[in-house]
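Numbers for residues simply follow the sequence, beginning at 1. Just so you know, ligand 1 is whichever comes first in the structure, and atom 1 is the first atom listed for that ligand.
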Amino acid sequence: MSKVKVIACSGIGKVFGLMTREATLQVTNNLQPEKAETVCLAHVVTGEADATAKVKGCTCITVDGCPALCSAKSVEHAGGIVKAKFRSVDEMRNHRGVDAGSATALTEDGWKIVDEFAEKIAAKVTELVEEEQNNG
Ligand code: SF4
C-alpha cells in the first residue's frame, strides 16, 4: 500500500497552526517515516498534479488547527479518503491555561503538547496501516 498521507492545515496567525505543522512533521520525519508522508496542502488546493495524485483515493489523516477544518475539507474535495481528523485546538483543551507559545515559536510546554499530539497521530497511522493489511 502507499504511505498514509498526513496533511496539516495552513494556519499561520496562531499557535494552533504551528502545532499542526510541527506535529505532522514529527510523524512523517521521525515517528512513522516508513508508513507516512506529508503533502503540501496548498498544492492539494491548487490541484498541482503530483499532490493530487498522492491524495486521490488514498488513506489520509488531516491535522487542522481549528473547527474550520481547512485540511480535511480540501483533502476530501481533492478525492482523498480522510480516515481521521485531528485538531490542535482539541489538544489545547486537555492543557487549559498552559502557554504553548505563539504563531512563530513554541514554548517548552508547547513542544511537550506537540510531542503528545504527534504520538496520537502516529498511533492512528499504525492502526490504519494494520487495518488495510487485514483487509488486503
Ligand atoms: S483549520 Fe483553522 S487554523 Fe487551520 S488554516 Fe483553517 S482556519 Fe486556519
Side-chain angles (χ1 to χ4, degrees):
M1 63 171 276
S2 62
K3 290 182 178 181
V4 174
K5 310 300 180 292
V6 183
I7 305 166
C9 79
S10 307
I12 200 88
K14 292 191 175 150
V15 70
F16 303 119
L18 180 58
M19 292 172 80
T20 68
R21 292 192 297 281
E22 293 294 356
T24 295
L25 288 173
Q26 277 204 41
V27 173
T28 57
N29 289 352
N30 304 329
L31 299 173
Q32 297 281 23
E34 310 296 325
K35 296 178 184 158
E37 64 181 337
T38 194
V39 182
C40 174
L41 183 63
H43 271 171
V44 173
V45 171
T46 56
E48 192 268 339
D50 283 351
T52 306
K54 278 187 176 177
V55 161
K56 203 168 185 179
C58 291
T59 299
C60 302
I61 294 174
T62 53
V63 189
D64 278 302
C66 76
L69 294 176
C70 297
S71 178
K73 288 176 187 168
S74 304
V75 170
E76 278 171 352
H77 186 71
I81 301 165
V82 179
K83 291 276 183 85
K85 299 174 186 174
F86 287 91
R87 307 189 317 184
S88 56
V89 68
D90 296 333
E91 292 306 298
M92 287 308 295
R93 290 207 175 101
N94 301 328
H95 300 274
R96 277 188 203 283
V98 175
D99 174 16
S102 66
T104 52
L106 296 170
T107 60
E108 199 173 313
D109 284 337
W111 279 112
K112 282 186 198 152
I113 296 168
V114 164
D115 286 346
E116 276 177 35
F117 192 24
E119 293 284 352
K120 286 183 197 173
I121 301 165
K124 181 53 84 172
V125 170
T126 301
E127 190 186 310
L128 292 175
V129 169
E130 283 172 2
E131 197 179 286
E132 290 198 13
Q133 281 167 348
N134 291 338
N135 292 340

Open item on the list: Using a 4.0 Å cutoff against the non-hydrogen atoms of Gly65, which atoms of ligand 1 qualify?
Closed with: 1 (S), 3 (S), 4 (Fe)
- [ ] Please work out whether any backbone atom (N, CA, C, O) or any side-chain heavy atom from C-beta onward of Ile12 is under 4.0 Å from ligand 1, and answer side chain, backbone, both or neither.
- [x] neither
TODO: State, to 0.1 Å, how close Asp64 and Cys9 come at their nearest heavy-atom pair, and which atoms those are.
DONE: OD1-CB, 3.1 Å
Open item on the list: Counting only heavy atoms from other residues, nucleotides and ligands, does the tally under 6.0 Å from NZ of Lys56 exceed 12?
Closed with: no
Task: N/O/S atom of Cys70 inside 2.8 Å of atom 6 (Fe) of ligand 1, strictly under - done: yes
Open item on the list: Checking a contact table here: which protein heavy atom is nearest atom 2 (Fe) of ligand 1, and how many Å away?
Closed with: Cys66 SG, 2.3 Å
Task: Presence of salt bridge, Lys73 and Glu76, under 4.0 angstrom - done: no
Task: Gly11: numbered ligand 1 atoms lying under 4.0 Å from its heavy atoms - done: 3 (S), 4 (Fe), 5 (S), 8 (Fe)
Task: Nearest-0.5 Å distance, NZ of residue Lys54 to SG of residue Cys60 - done: 11.5 Å
TODO: Output the list of atoms in ligand 1 that are nearer than 4.0 Å to some heavy atom of Leu69, sorted by atom number.
DONE: 1 (S)
TODO: Answer side chain, backbone, both or neither: which part of Ser10 comes under 4.0 Å from ligand 1, heavy atoms only.
DONE: backbone
Open item on the list: For Lys3, is the NZ atom crowded, meaning more than 12 foreign heavy atoms sit under 6.0 Å from it?
Closed with: yes
Open item on the list: Within the 4.0 Å heavy-atom shell around Cys9, which atoms of ligand 1 are there?
Closed with: 1 (S), 3 (S), 4 (Fe), 5 (S)
Task: Short side-chain to backbone donor-acceptor contact, Ser71 and Ile7, under 3.5 Å - done: yes
